[in-house]
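Below, chain A is the first sequence line, B the second, and so on; all start at residue 1.
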Number of protein chains: 2
Amino acid sequence: MTEAMGGPLAIRPDYPEALWIQARKLIVAEITSGALEAGRRLPPERELCQQLSISRVTLRKALASLVEEGVLMPSHGRGWYVAAGGASVEREWPNSLESFTETAARMGLEPSSKILRSEVAPGTYDEAEELGLAPGTPLFVLERVRLLNGVPIAVDRARVPAFLDDRFLEPDYTVESLYERLAEAGVSLAHAETTIEAQKADAEVAESLDLKEFDPILAMHQLVIDDAGRRVLVSDIRYSGERYRLRTTFSRSMR
Amino acid sequence: MTEAMGGPLAIRPDYPEALWIQARKLIVAEITSGALEAGRRLPPERELCQQLSISRVTLRKALASLVEEGVLMPSHGRGWYVAAGGASVEREWPNSLESFTETAARMGLEPSSKILRSEVAPGTYDEAEELGLAPGTPLFVLERVRLLNGVPIAVDRARVPAFLDDRFLEPDYTVESLYERLAEAGVSLAHAETTIEAQKADAEVAESLDLKEFDPILAMHQLVIDDAGRRVLVSDIRYSGERYRLRTTFSRSMR
DNA sequence: AAGTGGTCTAGACCACCCC
DNA sequence: GGGTGGTCTAGACCACTTA
């Protein structure tokens, strides 16, 4: 439709969304629509600024955010280029912190859960230390088998400081997303310190995931921190090695 | 010795390093030195600008880069805070693409390699497709056992388009870093699309890593892309499940 | 020499938090 | 209402690429 970034791309200064995010979406749209193919050069920054009616600083904020995701590549003195995998904007599993529910939605599969444990109990010494609480502080413990289209994929053991809100016990976590409940409670997740390793399935996990003991599993441990810097969730997820593949993008830092 | 951000932090406008990077380093220094503890609030932006003699835009670029690494947390209307794990600035490089050699250096261990294969050979169909080359295009294949302090940690099978430079064959990859050779050849690595899964060790890998067959391994597949958007390296690394733990930070995107 | 990205500035206005 | 971060602008100068 629009010739490559030539059309009247509309940015609305009054719209309650940052201009650079609007700009970002318009650029992504140009790429996913095919108007800008992988390897092609974008119009010069100063030209884009005019087309979008935004300042260069704002435009560059949008462009920078797309570099981080590997969609664009800047080349000093030459221009901005659509990266090799540029068309993959939608396909891609972004390197974001994502709930199981969100992952499932993106892949077009039906998530569900079987609850193994759901209660408030005193935290262990290690749990308390990791969450920065006194040992024995009550934690909400939610242990679930996570399934996609009915196939068991992982066992997830999540622990949340119980002081957050009693209403955490109420929802039916067979279908509800813990992340969404946290969001509703005003907890805005920021980032997660994560370790990942390969282990053998123990008897318990093998049972839950319908595996043989000693089958390989991907063990992911996460400490999730919210916008206020509070340690808010500790989670251990053991994925079936055969049924799950983690996808992410690593960037070279400080260039 | 400087009281929290009160001392004469020196930024040199003539120094050949971006001001925001200098600012960033000074802030990190305040944190690692203990002058700014986890949870503490930073001086207001406008005050920091004066102290550092830089503009607010530039300061915010430094601050933003530290948010991405989980070192600082902004709070609208309240201030900037040192994140819970603030002292961890040195420990890890979240989400960074790092060579085995660099990882070893960061951990204070001695890296070495045993070469299993080092030759130019036509790529398989899959390899060619992933690198965006014609099937059969010659690739430089380097397969090594990677060791830390003499202990085998992983088997790494790297493939680089051979057209890059013949000199790739010359170095002694028992000690040399492939990443460094690439850098010298003018290839500047930008990011890597990565998949991670748990598998069983096959006989070959078990042999190389001194494991039993069927022991769990962490299999990481990477397609590395350079600054120019060229697909430059495909790598399969199989880590011993017991001797390796991947550590990273996932961020919640688009806040 | 012209074109293009990279960095930086000074100043403005808004939204949120807390008193 | 005053303090603080969040966003945006217009313009300047530098460094790299290409011809």
Side-chain angles (χ1 to χ4, degrees), chain A residues 5 11-27 40-68 71-83 186 188 190 226-230 252 254-255, chain B residues 5 11-27 40-68 71-83 186 188 190 226-229 254-255:
Chain A
M5 304 301 289
I11 287 211
R12 291 165 299 184
D14 49 327
Y15 193 70
E17 188 178 42
L19 297 190
W20 71 268
I21 294 185
Q22 295 185 50
R24 196 192 115 99
K25 287 182 178 171
L26 289 173
I27 295 166
R40 284 275 297 276
R41 207 192 74 173
L42 270 65
E45 294 181 359
R46 290 154 177 90
E47 195 174 309
L48 277 175
C49 292
Q50 288 201 321
Q51 284 179 28
L52 300 170
S53 307
I54 59 178
S55 75
R56 197 158 155 238
V57 179
T58 304
L59 173 66
R60 282 178 61 80
K61 190 163 180 178
L63 295 172
S65 82
L66 289 171
V67 171
E68 204 135 332
V71 177
L72 295 180
M73 311 283 314
S75 180
H76 197 167
R78 299 199 300 138
W80 289 86
Y81 293 82
V82 179
S188 171
D226 78 356
D227 275 350
R230 291 179 300 183
R252 197 84 176 151
M254 282 287 95
R255 298 212 317 279
Chain B
M5 305 300 289
I11 286 212
R12 292 166 298 185
D14 49 328
Y15 193 70
E17 189 177 41
L19 297 190
W20 72 267
I21 294 185
Q22 295 185 51
R24 195 192 117 99
K25 287 182 177 170
L26 289 173
I27 295 167
R40 286 274 298 276
R41 206 193 74 172
L42 270 65
E45 293 181 0
R46 289 152 178 92
E47 195 173 309
L48 277 174
C49 293
Q50 288 201 321
Q51 285 180 30
L52 300 170
S53 307
I54 58 178
S55 75
R56 197 159 155 237
V57 179
T58 305
L59 173 67
R60 283 178 61 79
K61 190 164 180 177
L63 295 172
S65 84
L66 289 170
V67 170
E68 203 135 330
V71 177
L72 294 180
M73 310 283 315
S75 179
H76 199 167
R78 297 199 301 141
W80 288 85
Y81 293 83
V82 179
S188 172
D226 78 356
D227 275 351
M254 282 287 95
R255 300 215 319 279

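- Separating the CD atom of Glu17(B) from the P atom of dG6(C) is a distance of 17 Å, rounded to the nearest angstrom.
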Give me, pair by pair, the N or O atoms of the protein and of nucleotides 9-11 of chain C that are less than 3.5 Å apart, along with how far apart they are.
{"unit_1": "dT9(C)", "atom_1": "OP2", "unit_2": "Ser55(B)", "atom_2": "N", "d": "2.7"}
{"unit_1": "dT9(C)", "atom_1": "OP2", "unit_2": "Ser55(B)", "atom_2": "OG", "d": "2.8"}
{"unit_1": "dT9(C)", "atom_1": "OP2", "unit_2": "Thr58(B)", "atom_2": "OG1", "d": "2.6"}

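- Residue pairs meeting the salt bridge (Lys or Arg N to Asp or Glu O under 4.0 Å) criterion with at least one member in residues 46-56 of chain A, sequence neighbours excluded, are Glu45(A)-Arg56(A).
- Legend: residues meeting side-chain contact (heavy atoms from CB on, under 4.5 Å) with Ala23(B), ordered by chain and number and at least two apart, are Ile11(B), Leu52(B), Ile54(B), Ala62(B).
- Residues satisfying the side chain to side chain donor-acceptor pair (under 3.5 Å) test with Ser53(A), not counting sequence neighbours, are none.
- Of the possible donor and acceptor atoms, one in the side chain of Arg41(A) sits under 3.5 Å from a partner among the backbone N and O of Arg78(A).
- Rounded to whole Å, the distance from CG on Leu72(A) to P on dG6(C) is 11 Å.
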Which atoms of nucleotides 14-19 of chain D (N or O only) lie under 3.5 Å from a protein N or O atom, and what are those distances?
{"unit_1": "dA15(D)", "atom_1": "N3", "unit_2": "His76(A)", "atom_2": "NE2", "d": "2.9"}

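- Closest non-hydrogen pair, Ile27(A) versus Leu66(A), comes out as CG2-CD1, 3.9 Å.
- Taking atom CD on Glu45(A) and atom P on dT4(C), their separation rounds to 10 Å, with Å as the unit.
- Leu59(A) and Cys49(A) get closest at one heavy-atom pair: CD2-SG, 3.8 Å.
- In terms of phosphate contacts, Lys61(B) brings a side-chain nitrogen or oxygen within less than 4.0 Å of OP1 or OP2 of dT7(C).
- Leu42(A) has its CG atom 19 Å from the P atom of dG3(C), to the nearest Å.
- In this structure, Ala64(A) has no side-chain contact (heavy atoms from CB on, under 4.5 Å) partners at least two apart in sequence or on a different chain.
- Side-chain proximity of Trp80(A) to dG6(D), dT7(C), dG5(C): nearest is dG5(C).
- With sequence neighbours left out, Glu17(A) forms a side chain to side chain donor-acceptor pair (under 3.5 Å) with Lys25(A).
- The CZ atom of Arg60(B) sits 14 Å away from the P atom of dT4(D) (whole-angstrom rounding).
- For the pair Thr58(B) and Trp20(B), the tightest heavy-atom approach, listed with the atom from each and the gap, is O-CB, 3.6 Å.
- As a whole-Å value, the separation of Tyr81(B) OH from dG3(D) C1' is 12 Å.
- When rounded to the nearest whole Å, the span between CE of Met73(A) and C1' of dG6(C) equals 15 Å.
- The CG atom of Leu63(A) sits 15 Å away from the C1' atom of dT7(C) (whole-angstrom rounding).
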